[in-house]
Structure formats: structure tokens, C-alpha cells
Amino acid sequence: MRVLIVHNHYQIRGGEDAVVEHEAAALAAAGCTVETLAFHNDEIRTPLDRLRTAFEAPHAPRGIARVVAAVERFRPDVVHAHNTFPLVSPAMHGVVRALGPVTVQTLHNFRLACAGAILMRDGAPCETCLTGSAYAAVRHGCYRGSRLGTFAVARMIDRHRRAGTWTRDVDAFVALTEFARDRFIAAGLPAHRIFVKPNGLLDPGPPDDGPREGILFAGRLSVEKGVEILKGAAALLAAPVDVAGEGPLRESLEGAPGLNLLGALPRAEMRARMSRAVALVVPSLCYEGLPMVVAEAYAAGTPVIASRIGALTGLVEEGVTGLLVTPGDPTELARAIERLRARPEEARRMGAAARAAYLRDWTETATTATLLTVYRSALAARMREGRAIA
């Protein structure tokens, strides 16, 4: 099978960029012929570039021309898009479909319905644009706090919703969780074309059986990740929480009692800390897509303490692979942390269950097999469609 992957990289490298690279390598290891067509936002350098990109965002003719050239040269069976904003646009699906390959879209976030991409506003979940007008986001500046920028994204969302891009031009969608799938169905996507496949993760090997100590937070230091809630909980704890990551709230966390700020860590050091921690804490206030730190914790045999919100309620099994707490409640979060610190045997049991969940659902072998099934289903559906037309 020949697979062309299309991905618009972010200016600041994140988990989605890493997932795309790992997935391409896994497909190649499974016997596919894979090529990646990469776009980079650092191509947007000047104010004129930004204005032109915003204006072209709904159809991005220059980006689509590059996709067409790659399809005509590489002749893929499947064109798999990840992020298409802002240099490619969802319009690529209709153009690619007309050329012959099936098209697949991984839904890493909610940008096809939400300008802010995370279904969150003013520190709480928001679904106003999921079924209503995308332009509702403009008043709140949901895209980077900019009304003008939000208008450009809302215009793109509205254009493709009205044009039927998502119902007509995409052969298969990949949602990362059942929760996300339900939200996309609510947004109007065809349920029979949405498959659930979590992101895969290379097995770091069996967890160390040695003693564990410390609580770890790993992620972006931003409002939606609940770091202010973690700050409040840490002030109530007897021992500090290690915080790995950078972000806009770094300065507000400096010197906070109970927090040990580590900054951005090299991958090897992060894995080592994950494997030694009593638990990983994920105090998110947003729905989340599929935070890879949860998969990494499970692979390391580390239980997770997470907010009872969105996809996290399906990723963490209460009392089995970790604990769930009320989002936004620092006192409850502190109690959950102290519970696992005080009960090492319970934490170890949860860690073993977490490792079993990783081996069942998140190894690269399992997730790649699921993705190939998605591709085959899309190809079979296209063949049936062709016969029906003939």
C-alpha cells in the first residue's frame, strides 16, 4: 500500500508532530511505501505573509498545488492528512479524491468545528460552535485571543461546513478516543466513517520493579492543562510535585510552594523520571485529545491521577489504572496525590494495570494494525461506490 502523509507542522514542535513522524515510521515498518509531504508555519514570516495566509486559509491554493504535484508523482493509494491548518486547508480532500486516492483525516483536535481547537473558553469546556455558527467564536477571540485571527479560522470552518467537505470528500476519519468520536458526530460528521484509533507508542520495555518516589506533571504550562489547579494543590502537600515542561504560565509558577520546576527535559530523562514516579498527574480543564503523557505513563507502569473530564474519563479507569478527580478542585487533587503516596501497594497495583492497558491498546503494533484496517475499509468503500456508479 502506498501512503502519502500530509502534515502542516507547528511553529513550536508538539506531540502531534511527533505522532506523525512515529506513525509514518510504523507504517513503513509494516510494509507500506510511505512518503510525507511536510508544511511548516515558519514559512509565514512577515505581516504580509500572515495576511495572505489568513485570506487563503479556506482553500490554500498554493498548498493544494503542492499536494496535487505529490499525488501525481507518488501515485498513492491513500492520502492521509493530519494538520492542514493553515497552509493546506481541508479543501485538499476534494481535490485528492477527484484524482483517485482515498482520503483519510486524523482528528487530533476539534478545529474543524472550533476556532480555538480545544472546545474551551474562559477556563471551561465550551461547545457553542460544535453545532452552532463558527462565527460565535469571533466575539471571544478564541484563536490566540485575536478577533481577526479567529474570524479567519471561523471563515474556514464555515466554508467547509457549508460546502459539505466533511460529509462528501473524506473517506475515513480517525478519532483518538470514543469521547472525541461522539463530539464529532454531534458536529455533523458521518458516524459510519469515523474510526477510533489511539496514537501508538514504542514500548520502552518492562517497568523497573524498584521503589518509586515523587509525583510528576509533564506538559505545557498553560491554563487548559490545569497548572494553576496543580499550583493550588501543591501548596497543600507535604512533598513537592516535579513539573516538567514550558509554557506561558511558567513565570506565575516560579517560587510557588510545593512545585519543583524542571523545565523542558530531554526524552531520555523524561522517561526515566516517568518510570520512577509514584504517579503522573493530569489536572486538565479542557477535554484533551489524547495526551501522550498518559500513554507514556502507562507504558512505564505509572498510574495517572486525572481530571474527570472529556476523554480522560475513558483513558483512566477509576481505582484500576489511576484516580479521577473533579476538574478545578485543588483540594480533591491534593487528597488523591496523598492517597497514592501513602499507599505504595495500591499505586503499584494500579501501575501494573496501567502497563497491561498499554500493551493491549497503545503499542505501535496494535495501533498500526488498526490504522491499516481503516485504510482497507476506506479503499473497499470506494470500490463499492465505483461499482454503484458504474
Side-chain angles (χ1 to χ4, degrees), residues 201 204-221 225-245 253 256-262 265 267 269-285 288 290-359 361-362:
L201 182 70
D208 190 342
D209 288 332
R212 290 177 175 245
E213 60 180 1
I215 301 295
L216 178 66
F217 169 92
R220 178 173 165 79
L221 307 184
K225 296 298 184 181
V227 294
E228 292 287 1
I229 309 306
L230 179 62
K231 178 180 176 181
L236 304 173
L237 299 173
V241 175
D242 290 331
V243 177
L253 301 179
L259 294 182
N260 178 28
L261 301 187
L262 305 172
L265 299 178
R267 176 161 290 275
E269 184 177 349
M270 176 65 77
R271 284 182 174 173
R273 286 182 176 274
M274 190 81 76
S275 67
R276 295 195 302 266
V278 172
L280 174 79
V281 60
V282 185
S284 299
L285 300 176
E288 293 285 4
L290 179 69
M292 287 306 290
V293 289
V294 174
E296 290 166 359
Y298 282 10
T302 302
V304 174
I305 300 170
S307 297
R308 190 182 291 103
I309 187 172
L312 291 170
T313 60
L315 297 175
V316 178
E317 188 174 356
E318 171 68 27
V320 179
T321 61
L323 299 173
L324 292 169
V325 298
T326 302
D329 188 333
T331 302
E332 189 175 339
L333 178 59
R335 282 200 298 265
I337 290 172
E338 292 293 11
R339 170 178 164 177
L340 291 192
R341 273 182 171 156
R343 304 177 186 179
E345 287 306 313
E346 181 180 30
R348 186 176 294 277
R349 174 178 57 77
M350 289 182 180
R355 172 69 180 175
Y358 162 76
L359 292 173
D361 298 330
W362 283 342

**Residues Glu213, Arg341; criterion salt bridge (charged side-chain N to carboxylate O under 4.0 Å, His left out); working and verdict** = CA-CA 8 Å; Glu213 60 180 1; Arg341 273 182 171 156; over 6 Å; no
**Item:** Gap separating the CG atom of Asn260 from the CZ atom of Phe217, nearest 0.5 angstrom
**Value:** 13.5 Å
**Request:** Without swapping roles, check the side chain of Glu332 against the backbone of Val325 for a donor-acceptor pair under 3.5 Å.
**Result:** no
**Item:** Between CZ on residue Arg339 and CG on residue Leu323, distance to nearest 0.5 Å
**Value:** 4.5 Å
**Request:** Write down the atom of Thr321, the atom of Leu315, and the distance for their closest heavy-atom approach.
**Result:** OG1-O, 4.2 Å
**Message:** Show the nearest heavy-atom pair for residues Leu333 and Pro283, with the distance to one decimal.
**Reply:** CD2-CB, 3.9 Å
**Message:** By the definition side chain to side chain contact (heavy atoms under 4.5 Å, CB included), identify the one residue from Val227, Leu221, Val281 that meets it with Val243.
**Reply:** Leu221
**Item:** Point-to-point distance, once rounded to the nearest 0.5 Å, from CG of Leu340 to CZ of Arg212
**Value:** 11.5 Å
**Fill in**
Heavy-atom nearest pair, Glu296 first then Arg267, reads OE2-NH1, 3.6 Å
**Asked** Does Arg355 reach the main-chain N or O of Ala299 with its side chain, forming a donor-acceptor pair under 3.5 Å?
**Response** yes
**Fill in**
One should read off an interatomic distance between Ile229 CD1 and Thr331 OG1, to the nearest 0.5 angstrom, of 10.0 Å
**Item:** Closest non-hydrogen atom pair, Pro327 against Ile309
**Value:** CG-CB, 4.2 Å
**Student check: side-chain heavy atoms of Val294 and Glu288 closer than 4.5 Å** = no
**Fill in**
Closest non-hydrogen contact found for Leu237 with Val241 is CD1-CG2, 3.6 Å
**Request:** Output the distance between atom CE (Met274) and atom CG (Leu265), rounded to the nearest 0.5 Å.
**Result:** 10.0 Å
**Donor-acceptor contact below 3.5 Å, side chain Glu338 vs main chain Ala238** = yes
**Request:** Apply side chain to side chain contact (heavy atoms under 4.5 Å, CB included) to the pair Tyr298 and Val316, showing each step before the final yes or no.
**Result:** CA-CA 10 Å; Tyr298 282 10; Val316 178; 3.7 Å; yes
**For Leu216 against Met270, the heavy-atom pair lying closest together** = CD2-SD, 4.3 Å
**Request:** Output the distance between atom CG (Leu253) and atom CG (Leu261), rounded to the nearest 0.5 Å.
**Result:** 6.0 Å
**Asked** Can any side-chain N or O of Thr302 pair as donor or acceptor with the backbone N or O of Leu280 at less than 3.5 Å?
**Response** no
**Item:** Arg349 and Glu346 ion-paired at < 4.0 Å
**Value:** yes
**Asked** Just by distance, do the side chain of Ser275 and the backbone of Ala300 share a donor-acceptor pair under 3.5 Å?
**Response** no
